[in-house]
Amino acid sequence: MFKFIVFRLFWVVVTVWAVSTITFFMVRAAPGDPFMNEVRNLKEEVQAARKREYNLDLPLIQQYGLWLKGMVQGDFGPSMKSRDKTVAQIIGQAFPVSISLGVIAMFFAVMIGMTTGVISALRQNTFWDYGLMGFAVLGISIPNFILATILIIVGVFLLGWFPLSGWETPYHVLLPAFALSLPFAARISRLSRVGMLEILSEDFVRTAYAKGLKEKHVVIKHALKGAILPVVSYLGPAFALILTGSLVIEKIFDIPGLGKIFVLAAINRDYYVVLGTVVVFSSLLCFFNFLVDLSYAFLDPRVKLEEAA
Amino acid sequence: MNIPIQTDDVPMRKRPWGEVPFAFLVNLSWFMSFIVGIILIPIHDLPITAWIAWGLWFAINLSVTLFLQTKRMVPLEAPVSKKEIQGTSLFKDAINRLKQNQLATLSAGVLILMMICCFGQSIIAKAIHPDIDDPKSIVALENSFLSIHFDHTRLNKEESFSPPSTRHWFGTDFAGRDIFARTLYGGTISFLVALVATIVSLIIGVSWGAISGYTGGKTDHYMMRFVDVLYGLPFMFLIILIMTLVNGVHTTASQNRDIVTQYEDFLAEGKTEEADKVLQENELTTNLGTVKAAIWLDNNISPVFVMFIAIGLVSWLTMARITRGQVLSLKQREFITAAKTIGAGNMRIIFLHIVPNLLGPVIIYTTLTIPTVMLTESFLSFLGLGISEPQCSWGSLASAGWKEINVIKPYWWLVAYPTLAMFLTLFSLNFIGDGLRDALDPKMKR
Amino acid sequence: MYKNLYIILAGAILALSVFTLTFSGSARNRADFVFNNGNEPQTLDPQIMSGQPEGAIAVGIHEGLTGYHPKTLAPIPGVAERWEIDGLNYTFHLRPDSYWIKQGEIFTVDGKKRNVTAHDFIYSWRRMLHPETGSEYSFLVYFIEGCQQYENDITKHFRATIEKYDKLYTEIEVLGPESFGDEKYKDAREKFLKELNDYRDQRWKEVVKIEAPDPLTLKVQLRAITPFFLEITSYYSLNPSPREIVEKYGKFWTQKDNIVTNGPYYIDEWKFNSYIRLRKNKHYWETEEYVKKHLGEIRAIPDEKRTRVERDLFEYYENAGAFIPNGFETIDIRAVEEQITGMNLYINGDVDRIRELPTAILGELHAYRQKHGAESLPHLFTGTYNSVYYYSLLTTLPVFSAGENGELGRKLRRALSLSVDRKTLIRLVTRGGQRPAYRLCPPGISGYSEMPCFGSGDYETDLAEAKKLVEEVRAAGVKIPKLKVLYNTHEAHEKVAVYIQSLWKNHLGIEIELANQEWGVYLDSRRTGNFEVCRAGWIGDYKDPNTFLDMWVIGNQNNDPKYNNPQYTKIINEYCAYLSKYIATEEDRNKLLADIRNLRDYEIGIKNTPRPNGKTLDASFEEALTLYGQLPKEEQMQQLFKIRLLLFEIAEQVMLWDMPLIPLYFYTTTQFWPPELEGMYINSKDFHPMKQMRWKDGKRPTGTRYHAFPRLDN
């Protein structure tokens with residue numbers, strides 16, 4: 001067990017390192033430099049001074065080495081667009097925002113998805129089943145920015161329950177998290193439905209009903225596990241997709257999270273910010289996958305840890 | 001259900017609607033009349049004749065349905081048919097089951113209809129406007145029926161942002177281009193993107209999974225470990241960076257192409273100082289190598305192609321996993337042992353025996369990847385990294401239209417129609433996929 | 001047993017705790033005024049700032065020697081209470097109670113309250129000229145004698161010193177606070193700084209003519225006639241920076257916890273990419289008593305004797321009152337980038353002002369307004385903006401320099417310009433109520449002609465002439481190749497380029513190829529002359545023709561079309577800048593007139609240009625020169641300014657006769673703000689000082705504004 005954890009954590013570190021190295025060289029390969037967006041032509045001397053400030057005049061390998069050394073110590077480097085902030089500060093302010101958005105969206109997705117999936121499975125082939133599954137297909141057939149717009153039109157303009165944008169009060173979280181969660185709720189709904197149906201067709205469930213146990217008891221105690229397992233294995237990729245979905249949602253709802261920062265930085269060639277966000281995201285992702293695999297072992301004792309690895 | 005009804009002569013049964021002949025066509029016709037009705041409603045200057053025609057279509061549907069309802073009673077067939085008992089294979093079984101699934105067949109019909117419309121538009125547009133693919137050709141203002149409705153590059157500034165009308169069924173965009181034609185053309189591009197990306201992910205994923213599963217042992221372990229590692233990458237970010245990189249290469253190339261040709265001409269003629277002067281004036285002395293590489297890349301690889309490949313690369317991982325699972329179970333089967341006994345080599349066994357048997361899950365997964373690909377492409381378009389003007393896809397049309405939505409004057413038609421088209425397509429693909437899965441996996445209690 | 005439910009419960013608790021933690025401790029009430037700035041500001045350091053979003057914040061938190069009158073943009077007292085002008089010498093008298101503020105409280109140094117002194121201004125202007133600061137606006141200080149020379153000298157020295165120290169130490173980041181703690185480099189760093197600063201101090205004393213005889217007096221000598229100098233002292237780049245803070249924190253001095261400012265507002269909260277909250281500076285000098293005293297002083301002077309500044313001030317205080325009791329307590333500045341989202345926010349009532357409107361809607365709004373009058377859209381405010389949209393034509397291109405002395409090329413360029421139907425372009429393509437440009441300088445410069453420099457006023461006539469010119473060019477054997485039009489990737493520019501492409505092809509038979517590049521790459525192409533025809537725009541830094549015309553002199557780094565006209569260069573660089581030298585005596589004036597009349601193509605191109613006063617350009621110029629000789633000394637300065645403007649008109653006419661660029665239209669700015677907002681006016685620089693803004697009757701309008709916007713079905 002202990003060996004498993006150490007082994008997996010080691011792989012997390014290796015993956016993050018690999019990703020950041022690839023990103024570093026890829027970002028630097030893109031033509032254009034961070035100062036090309038200045039309105040007036042920067043004098044040569046000023047450009048040179050700025051380049052020195054950011055170590056851009058050193059050979060690429062040396063820059064990489066300096067950056068890596070800084071990263072290990074927690075210094076993510078300076079931002080080239082916002083001159084008075086370090087990358088660590090920028091990411092530090094935006095990180096909790098993205099995390100809370102992601103976690104709450106994940107929560108909504110699982111709750112809504114599993115509830116609808118279980119109900120669909122239990123009331124198979126009825127109006128409930130077709131209706132809920134119809135909605136689920138809707139969730140995965142429409143681009144998420146359209147879904148978000150529909151939600152805005154309904155929630156903000158027609159009903160007036162939610163604020164339009166920003167990130168100030170708890171009400172500001174609900175609509176974006178909900179919009180972000182819908183496609184995943186749809187998929188989770190289908191997954192748990194299928195899983196539930198599989199379990200329900202097993203012999204021991206029939207036995208339980210034959211013994212006279214009530215439906216609620218059977219479902220919660222036995223069948224739910226079948227619904228949870230496929231969802232848990234989907235949580236890993238779902239988390240990655242939620243992170244990418246947040247790029248769109250943050251743009252639409254004007255939320256100051258990491259996604260917005262990443263996109264702006266990529267366009268502005270703000271190297272260290274891009275690298276910082278990529279490192280943060282991939283660390284999150286790998287770590288989350290690791291947790292998912294760990295939980296798999298707890299949930300289904302049939303699965304040995306090596307298989308989960 | 002076969003309920004034998006006692007009548008005087010032959011016992012009859014009521015067959016399900018799906019078994020009635022022409023049921024498929026009637027279903028399709030109902031569905032299309034619905035969609036057309038929805039499309040007709042916003043057209044504000046529609047003459048009454050159009051509604052009358054639609055009403056007629058509706059009436060025909062209704063009467064044919066009622067008529068066919070009477071044909072639902074058929075004689076109960078003897079349990080043993082007079083013909084020989086024909087064996088069925090897995091495939092034939094599957095296809096039969098699929099045919100009975102009305103939703104799946106309807107979806108297939110809708111999808112095929114959609115593809116016909118889209119590709120048809122491309123053909124018509126190319127026919128009436130031969131140099132349509134040249135982005136620099138200027139469009140003369142034709143006013144023929146075909147040109148107005150099917151030429152997706154025809155622009156007329158006077159008509160920009162006009163709502164759906166008889167002249168432009170789906171309205172126009174900022175340049176006066178007909179949205180109907182653009183939506184159909186976008187469909188062509190979207191289908192193309194989906195196809196290429198899926199093929200890429202298929203080729204890589206199936207080969208990877210098949211080789212890994214069949215070989216087993218350490219190789220399998222490391223190959224799957226690699227897949228797991230890649231699973232942990234935030235792919236979207238890499239794609240965004242790739243697309244930004246590609247855009248950058250494209251702009252460097254287009255900026256410097258003429259200069260480099262001039263430079264090389266000078267070199268060829270032996271005028272070295274002039275050549276150097278050209279370089280110096282344009283500040284290319286130090287990075288001539290990278291600029292040349294950028295130009296070569298830009299000449300030979302189009303950015304759209306890179307996007308196809310990038311999207312395909314994202315989705316091959318799950319394909320590999322599924323394939324490996326299937327191969328692991330197939331490996332134990334007897335026909336494989338038989339082939340090995342004969343002395344067939346590993347590669348031969350993999351590609352001639354195993355891969356064909358993978359078709360089932362692979363096809364299912366393909367129909368479920370295509371929606372993901374299309375949504376990914378719309379996501380990239382939303383961020384500004386997808387298809388660039390004047391080409392369009394459903395995703396880029398929807399996001400461009402989204403950007404114009406405002407509270408004072410909502411140009412809803414820019415968004416609604418491409419989204420509707422995408423929705424219908426993805427909807428159909430989902431049901432086809434579900435149908436295939438049910439057809440090939442009889443254990444499911446559905 | 002109920003393991004599964006526990007799992008779900010655990011998940012729910014986790015989510016709920018995250019949810020509540022997200023907003024712990026920030027119960028925010030809405031600010032008095034919220035406006036959308038478009039982009040997060042890159043920096044708030046006055047000397048490094050550039051760009052509209054930064055400027056919009058700077059007017060609130062910083063204050064320079066002078067400020068802008070919100071309506072006329074005329075200079076009003078800022079840190080400088082009053083000033084005297086004597087020829088090229090300006091003396092500013094600073095007020096003693098303009099304090100530096102840190103997080104709402106007066107900044108103290110060694111226990112003493114720190115007020116803004118003349119030395120602060122000297123320090124700030126000086127650091128603009130240092131390359132390591134990275135200022136883009138250092139050219140604004142060139143108007144002061146010696147500054148450009150100083151910059152050139154120390155730049156050379158800087159480069160040489162860095163190279164010298166680079167050879168010794170490779171990792172030291174000079175002048176940054178990071179290397180402070182590193183003992184190894186401490187000595188080297190100190191040596192480097194000493195060498196650098198010694199030289200700089202020496203050059204400053206020798207060359208630059210700025211001095212501070214006492215902490216509250218600043219004396220400046222200008223290099224050449226600069227009637228707009230007080231506009232420049234109002235510009236945000238010349239706002240003071242606190243020396244102690246800049247030296248202590250280096251480039252991090254503008255962070256919210258470190259920054260020290262002197263303006264009517266200070267930064268209270270700063271959530272990156274979200275909002276910046278400004279709070280009223282209660283130690284600001286504009287108190288009730290001050291205003292009462294000042295108004296009383298001005299009232300004592302009879303109206304005719306009041307100076308321009310006094311008149312402006314009087315009107316300003318009558319309208320706005322004093323800042324301290326009446327100004328907004330808090331202002332929120334948001335950074336929503338998409339124009340559509342910004343507009344939706346405004347209509348929903350979340351935001352009280354937006355600076356930009358989406359182009360798609362702009363045309364509809366302007367058309368509706370034109371049809372139904374300005375009252376139909378009470379939230380919309382529009383006005384001309386001090387900027388021009390034009391196409392540069394690379395004059396060194398073979399086809400553009402064909403013929404003897406480039407005459408055929410000139411004809412071709414003229415034809416290209418005349419054939420553009422600007423009115424239709426504005427009506428159908430840009431749709432923002434812009435004004436067609438038949439000259440380069442936008443309207444709004446007082447005393448300067450706004451009449452066209454070319455074109456007959458009727459498009460059909462112009463088009464006929466354009467066709468004729470092209471025929472002449474072709475008849476002379478010049479082959480017109482396919483021209484490439486470059487623009488930066490933006491939908492608006494693409495639309496304009498597509499339109500012009502169709503015009504030139506259909507009317508003149510000239511093939512055009514469109515090319516678009518990303519902003520940074522495009523700027524690069526423009527700068528290096530890597531284009532044939534290129535779209536460009538220019539915003540004037542001050543209201544004087546110089547900012548639009550000094551770019552086209554030989555050697556200027558912004559001369560994209562590489563316009564090469566020594567006569568034009570001479571007019572701008574010599575005559576206009578040092579005019580008093582050239583009109584001192586009657587002999588000088590006659591010589592000047594003769595030189596002007598000797599300009600190439602003077603008779604056909606320049607002499608008979610009509611002016612708003614009804615006379616031709618030539619006649620007006622001669623008349624002005626004669627009048628100058630007859631005026632008494634005190635009134636000559638004003639006449640000199642008039643002659644200077646006439647010379648600029650002549651220069652502009654010379655340039656547009658050659659047509660190295662095609663002016664297309666003058667930008668307009670269209671914004672939304674509620675009609676209940678007082679103290680807010682459209683002006684041509686789009687600078688809106690915040691300290692005089694008030695809500696009508698002190699009440700902020702709440703709720704949605706949806707009902708105020710009609711359905712735009714026209």
Side-chain angles (χ1 to χ4, degrees), chain A residues 11-12 14-16 18-19 22-23 26-27 29-32 124-125 133-134 136-138 140-146 148-149 153 157 183 190 194 197-198 200-201 236-237 240-241 243-245 247-248 251-252 262-263 266-267 269 274 277-278 281-282 284-290 293 309, chain B residues 225 228-249 251-253 255 287 290-291 294 317-318 371-372 374-376 378-379 381-385 394-395 398-399 402 405 407 410 415 419 422-431 434 443-446:
Chain A
W11 268 114
V12 166
V14 168
T15 315
V16 172
V19 170
I22 295 175
T23 316
M26 195 160 35
V27 162
Q124 197 189 11
N125 285 332
M133 282 304 111
V137 177
L138 212 88
I140 48 184
S141 311
I142 300 186
N144 59 349
F145 55 92
I146 305 283
T149 316
I153 293 178
F157 293 120
R190 286 156 69 86
V194 164
L197 286 177
E198 257 186 34
L200 285 177
S201 61
L241 291 173
L243 285 181
T244 55
L247 293 180
V248 166
K251 194 162 177 213
I252 297 180
F262 174 75
V263 174
I267 294 177
R269 309 274 193 276
V274 171
T277 37
V278 168
F281 269 127
S282 51
L284 265 181
L285 202 52
C286 292
F287 194 68
F288 191 82
N289 276 324
F290 162 67
D293 283 343
Chain B
R225 160 75 63 234
D228 287 336
V229 166
L230 287 186
Y231 231 85
L233 295 184
F235 262 117
M236 270 325 146
F237 296 92
L238 295 181
I239 291 191
I240 292 175
L241 290 174
I242 290 178
M243 290 313 292
T244 330
L245 180 70
V246 163
N247 280 344
V249 164
T251 42
T252 321
Q255 191 189 359
N287 49 356
T290 36
V291 169
L317 296 173
T318 326
T372 319
M374 284 198 188
L375 289 174
T376 311
S378 75
F379 166 79
S381 301
F382 185 77
L383 292 178
L385 296 170
W394 283 330
S399 36
W402 181 89
I405 294 282
V407 189
V415 184
T419 311
M422 185 189 267
F423 170 67
L424 282 178
T425 311
L426 298 190
F427 210 71
S428 317
L429 280 169
N430 266 305
F431 285 127
D434 282 349
K443 271 196 309 174
M444 283 310 303
K445 183 180 151 192
R446 200 183 196 235

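Sequence lines set the chain letters: A, B, ... in the order given, protein chains first and strands last, and positions in each chain run from 1. These numbers come from the heavy atoms of this one structure, side chains and all, not from hydrogens, waters or symmetry mates.
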Give, as side chain, backbone, both or neither, the part of B:T419 having an atom under 4.5 angstrom from any heavy atom of chain A. side chain

Mind telling me whether A:F145 and B:F382 have parallel, tilted or perpendicular rings, with 30° and 60° as the class edges? parallel

For chain B, the option from A:V274, A:I252, A:T277 that forms the most heavy-atom pairs under 4.5 Å: A:I252

Going by the angle between their ring planes, with limits at 30° and 60°, are B:F423 and B:F427 parallel, tilted or perpendicular? tilted

Under a 4.5 Å heavy-atom cut-off, does chain A meet the side chain of B:S399, its backbone, both or neither? both

Relative to chain B, which segment of A:I142 carries a heavy atom at a distance below 4.5 Å: side chain, backbone, both, or neither? both

What part of A:I140 gets within 4.5 angstrom of chain B, counting heavy atoms only: side chain, backbone, both, or neither? both

Let me know if A:L138 has heavy atoms under 4.5 Å from chain B in its side chain, its backbone, both or neither. both

Test side-chain contact (heavy atoms from CB on, under 4.5 Å) on A:V263 and A:K251; report intermediate values, then the result. CA-CA 9 Å; A:V263 174; A:K251 194 162 177 213; 5.8 Å; no

Taking B:L375, B:V415, B:T372, B:L424 one by one, which has the highest count of heavy-atom pairs under 4.5 Å against chain A? B:L375

Within the structure provided, determine whether A:R190 and B:N430 are in side-chain contact (heavy-atom separation under 4.5 Å). yes

How long is the straight-line distance from OG of A:S141 back to CZ of B:F431, given to the nearest 0.5 Å? 8.0 Å

When rounded to the nearest 0.5 Å, the distance separating CZ of A:F281 from CG of A:L247 is 6.5 Å

